[in-house]
Structure formats: structure tokens, C-alpha cells
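First the structure, in the form of C-alpha cells, and then the observations on it.
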Amino acid sequence: MDQSSTLRRIVSERPSMAWTGASPTRVLAVSSGKGGVGKSNFVLNIGICLAHLKKKVLILDADMGLANLDILIGLATRYNLSHVLNGERSVDEVIVEVARGVHLLPAASGVEWMTNLSADQKQDFLQKMDALQGAYDILLIDTGAGISSNVLYFNLAAQTRIVIVTPEPTSLTDAYALIKVLHRSYRQKTFDVVVNQVESEREALDIYRNLTAVADRFIEEARIGYLGHVRSDPSLRQAVLRQKPVVEAFPDSPAPQDYEALARKMLRQKWN
């Protein structure tokens with residue numbers, strides 16, 4: 001069975017990684033068509049904002065082979081996802097606390113075999129994640145960029161798919177490509193867009209409308225919602241240099257305010 005048919009089987013037989021229980025974990029995949037759009041910063045800071053709203057959050061760094069979430073917060077981890085996948089450690093042994101109410105399952109950096117996991121490895125990982133049994137309210141998956149099999153897999157494993165775009169034309173083109181593949185090949189119909197690195201909400205809405213205008217012409221059944229925006233903010237670069245989340249380092253700056261607003265909106269909306 002080839003990789004494409006395996007992914008189709010997974011989405012038909014197991015539509016999400018939602019764990020059983022009275023209050024199941026909500027699983028959100030955060031992706032982008034291209035790299036460099038601020039996806040990992042979004043995941044880290046939105047996770048902290050959700051924790052501020054009394055949610056227990058687990059962040060999965062699923063950018064296999066090129067992990068960077070631990071670097072963003074200056075965290076040196078002894079174990080990572082590669083040790084889980086090769087059976088050396090359990091998921092619980094690898095998870096680390098990065099902020100109050102926020103835990104991280106770090107991935108590996110520079111480990112080539114993790115960039116193209118086999119179907120068996122992916123299924124085994126899902127089973128290992130199931131062992132957590134709803135210990136968290138929200139699982140945020142920071143996928144890689146593009147349309148690799150790993151990116152597609154984690155999008156199929158989620159209940160909600162968030163796509164990060166910026167004003168760059170290449171960001172919009174590649175985001176459209178990601179949405180098109182997930183829709184046409186794997187029957188995913190709902191997506192939420194966050195427009196990053198903009199000067200205003202008006203600019204963000206214009207970019208969102210440009211994306212949906214193309215999508216409406218060629219993938220009519222897809223529902224692409226506007227989740228919100230994050231303004232360009234010099235303090236974000238300063239926070240990265242300090243290896244601290246911007247919502248903690250510069251809480252009164254524009255970007256942290258937008259992250260907080262997005263977190264509140266995420267909790268209000270009916271997730272797919």
C-alpha cells in the first residue's frame with residue numbers, strides 16, 4: 001500500500017486523534033504552505049494564551065527533523081520525539097513543562113529519518129499519544145511547512161486545521177496548494193486562516209479575501225474561515241533573540257494582544 005492510499009485509509013477510519021473521556025482533548029494542527037511565516041511562534045504564544053484562559057495545553061513539535069520550538073524558549077531537552085518513535089522512551093518521559101499549564105513534546109533536529117515516517121511509525125505514534133487519555137484540554141500540533149506526507153498526516157489527525165499566511169504572494173500560493181491537496185485528495189473541507197505579519201485588520205481581511213477568491217473558484221466545497229490576524233511587531237524579534245515567548249516578554253505589545261484575542265475567539269467558536 002503506497003503512502004497516499006495509507007493516508008486515505010487513516011482519514012476514513014480514524015478522522016481525529018480526539019481522546020475518549022467526558023471532556024475530550026481538542027486537536028488542532030497549525031500549518032503553512034511555506035516556511036518563515038511565524039507558525040512556530042504562533043503555536044507557542046497561542047498555547048500560553050490558552051493556558052491563561054485556564055486550559056491545559058500540550059504542544060507537539062511535529063516539524064520532524066527540523067524542530068525549533070525548544071530553541072524559541074531556550075530549552076535544552078535530553079529526549080525528544082525520536083526517542084519515542086524508536087521505543088527508547090515513553091511519551092510521558094519526553095514531555096516537558098515550558099510554562100504554567102503548557103507542556104511540550106519536542107521533536108528532533110537534524111534527524112533525517114524523521115522527515116519521512118512510515119505508515120507503521122505514524123500509526124504507532126497515534127497509539128502512544130492515545131495513552132495520554134485526555135490529560136490535556138488542547139493539543140496544538142506545529143506541523144512542518146508544505147505538503148509532505150508528515151504535514152498531511154498530522155492535518156488529517158486533527159479536528160481543526162489552522163493555516164498561517166502572510167502578505168507575501170508565495171505564502172498565499174503555497175497555502176492554497178496545501179488546502180487544495182487536503183481537500184481534493186483527503187476530503188478535508190474546513191480550514192481556519194490566520195493572517196500574520198500585517199499592519200492592520202483591514203490588510204489581513206484583504207489578504208484573506210484574495211485567498212478565498214481563488215479557493216472559491218477551484219475548490220468550491222472547501223470552507224475557509226477567517227480566524228484572525230497578528231500584527232507586525234518589532235518586539236517579536238526581540239523576544240526570539242531573548243528566547244522567550246513574546247506574550248511573556250512584552251505582554252503589552254501589539255502581537256501579544258492579537259494572540260490573546262485569537263485564543264479567546266478559538267475557545268468561543270464551535271470547533272470542527
How many angstroms lie between atom [atom1] of [X] and atom [atom2] of [Y], to the nearest 0.5 angstrom?
X      : Y      : atom1 : atom2 : result
Leu262 : Cys49  : CG    : SG    : 8.5 Å
Ile179 : Arg223 : CD1   : CZ    : 13.0 Å
Leu60  : Leu105 : CG    : CG    : 5.0 Å
Arg26  : Gln159 : CZ    : CD    : 4.0 Å
Leu50  : Lys55  : CG    : NZ    : 9.0 Å
Ile73  : Leu44  : CD1   : CG    : 6.0 Å

For the residue pair [X] and [Y], what are the closest heavy atoms and their distance?
X      : Y      : result
Gly38  : Asn196 : CA-ND2, 3.7 Å
Ala263 : Ile46  : N-CD1, 3.7 Å
Ala158 : Leu28  : CB-C, 4.1 Å
Ile164 : Ser171 : O-OG, 4.4 Å
Tyr226 : His229 : OH-ND1, 3.3 Å
Leu227 : Val194 : CD2-CG2, 3.7 Å

Hey, are the side chains of [X] and [Y] touching, using non-hydrogen atoms and a 4.5 Å cut-off?
X      : Y      : result
Tyr153 : Leu126 : yes
Glu199 : Ser232 : yes
Leu140 : Leu58  : no
His103 : Lys56  : yes
Lys122 : Ser149 : yes
Val98  : Val96  : yes
Phe154 : Val30  : no
Lys180 : Phe218 : no

Pair Asn80, Ser82 - check side-chain hydrogen bond (donor to acceptor under 3.5 Å, both in side chains), show working. CA-CA 5 Å; Asn80 56 58; Ser82 68; 2.5 Å; yes
Less than 4.0 Å between a side-chain N and a carboxylate O, is that true for [Y] and [X]?
X      : Y      : value
Asp258 : Arg231 : yes
Asp206 : Arg202 : no
Lys34  : Glu168 : yes
Lys39  : Asp142 : yes

Please say which of Leu75, Leu72, Ile71 ends up in a side chain to side chain contact (heavy atoms under 4.5 Å, CB included) with Gln243.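 Among the candidates, only Ile71 passes.
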Output yes when a side-chain donor or acceptor of [X] lies under 3.5 Å from a complementary backbone atom of [Y], and no otherwise.
X      : Y      : answer
Arg89  : Val84  : no
Thr25  : Tyr136 : yes
Thr212 : Arg209 : yes
Asn45  : Val246 : yes
Gln257 : Asp252 : yes
Glu203 : Val198 : no
Gln121 : Ser118 : yes
Asp124 : Asp120 : no
Asp192 : Thr160 : no

Evaluate Leu139 against Met129 for side-chain contact (heavy atoms from CB on, under 4.5 Å), listing each step before the verdict. CA-CA 10 Å; Leu139 169 60; Met129 293 295 290; 4.0 Å; yes
[X] [atom1]: over 12 foreign heavy atoms closer than 6.0 Å:
X      : atom1 : result
Ile95  : CD1   : yes
Glu221 : CD    : no
Lys128 : NZ    : yes

Given Asp216 and Ile224, is the side-chain contact (heavy atoms from CB on, under 4.5 Å) satisfied, shown in steps? CA-CA 9 Å; Asp216 288 345; Ile224 304 174; over 6 Å; no
Assess the residue pair Val165 and Val193 against the criterion (side-chain contact (heavy atoms from CB on, under 4.5 Å)); give the C-alpha distance rounded to whole Å, side-chain angles, the decisive distance to 0.1 Å, and a yes or no. CA-CA 7 Å; Val165 301; Val193 169; 3.9 Å; yes
Give the intermediate values and the outcome of side-chain contact (heavy atoms from CB on, under 4.5 Å) for residues Leu69 and Leu104. CA-CA 9 Å; Leu69 273 168; Leu104 171 67; 4.1 Å; yes
Give the C-alpha distance, both sets of side-chain angles, the deciding distance and a yes or no for side-chain hydrogen bond (donor to acceptor under 3.5 Å, both in side chains) between Asn150 and Thr143. CA-CA 8 Å; Asn150 283 349; Thr143 78; over 6 Å; no
